[in-house]
Amino acid sequence: MYNRPRMWDGQRILTSSKKPSITKKSYTLFLKPDKKVSPAKVSQVLSSHFTGTKYSSYGKWKGGYRPINVPTDVESHILHVPKEYAAIQWLAMASSANSVYLPFYTNISDTPSQYKVDVTATTRTRLIPSPPTGLTKPRPW
C-alpha cells in the first residue's frame, strides 16, 4: 500500500490516457508515456503530492496515501542524457516542490563560479552557531 499510490500518481502524470485507478492492487511496471518525457515533466512527477486530484495532500497524508514528494525530502536529482551533448545532472538542493533544479554538465571538472560561495573562516563562524556553554565534552562541530 505504501508505494502503490505513488506509482499511480507517476503513471497519472506520464500516462494519463490509461486512466489508472489509485486503488489498483498492482500496476504495469513499464508503460510508454503519452508524450516524450522532458526534465520538466520528471520534475513534475518528483514534486507531486497528488496535485490536482482529490487526494492533493501538500504536507498531509490524505486517505492514508503517501505522496511522491514529502516535506522531509532533502534533495532531488534528474539525470538527462540528450544525444547532442554531454549528460546534464539537474540538482534541487531541497524538496523538489519547494526548490529549483540547477543544471550541471556531468563532464565538468569544476563548479561554475555562479554557483560557488566563498566560505572563509569569518563566514564559517557566522554559519555555525557557537557551542552551548556548560558541556562536559566538546561537541564535534
Any donor-acceptor N/O pair, [X] side chain to [Y] backbone, under 3.5 Å:
X	Y	value
Y65	N3	no
Q11	T28	yes
N98	S95	no

Q.
So, using ring pair (Phe, Tyr, Trp, His ring centres under 6.0 Å) as the criterion, who are the partners of F104 when residues are at least two apart?
A.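 Ring pair (Phe, Tyr, Trp, His ring centres under 6.0 Å) list for F104, sorted by chain: Y115.
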
Taking side chain to side chain contact (heavy atoms under 4.5 Å, CB included) as the definition, give me every residue that meets it alongside [X], ordered by chain and number, with sequence neighbours left out.
X	value
H80	P39, P82, I88, W90
S47	S96, A97
T51	S48, H49
A86	Y105, N107

**Q.** Parallel, tilted or perpendicular: rings of Y55 and F50 (30°, 60°)
**A.**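 Geometry flag for Y55 against F50: perpendicular rings.
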
Is there a path of hydrophobic side-chain contacts, each under 4.5 Å between heavy atoms of I/L/V/M/F/W/Y residues, joining [Y] to [X]?
X	Y	result
V45	V37	yes
V42	V100	yes
I78	I108	yes

Separation between [atom1] of [X] and [atom2] of [Y], rounded to the nearest 0.5 Å:
X	Y	atom1	atom2	answer
K35	S17	NZ	OG	10.5 Å
T15	L31	OG1	CG	5.0 Å
E75	D73	CD	CG	10.0 Å
Q44	I13	CD	CD1	5.0 Å
R4	I22	CZ	CD1	10.5 Å
L46	K41	CG	NZ	12.5 Å

Q: Tell me, please, which residues at least two apart from S21 pass side-chain hydrogen bond (donor to acceptor under 3.5 Å, both in side chains).
A: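 Partners of S21 under the side-chain hydrogen bond (donor to acceptor under 3.5 Å, both in side chains) test: T23.
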
**Q.** Presence of salt bridge, R12 and D9, under 4.0 angstrom
**A.**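 Looking at D9 and R12, the cut-off is met.
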
(Q) Can you give me the closest heavy-atom contact between I68 and R6, atom names plus distance? (A)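 Of all heavy-atom pairs spanning I68 and R6, the closest is O-NH2, 3.3 Å.
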
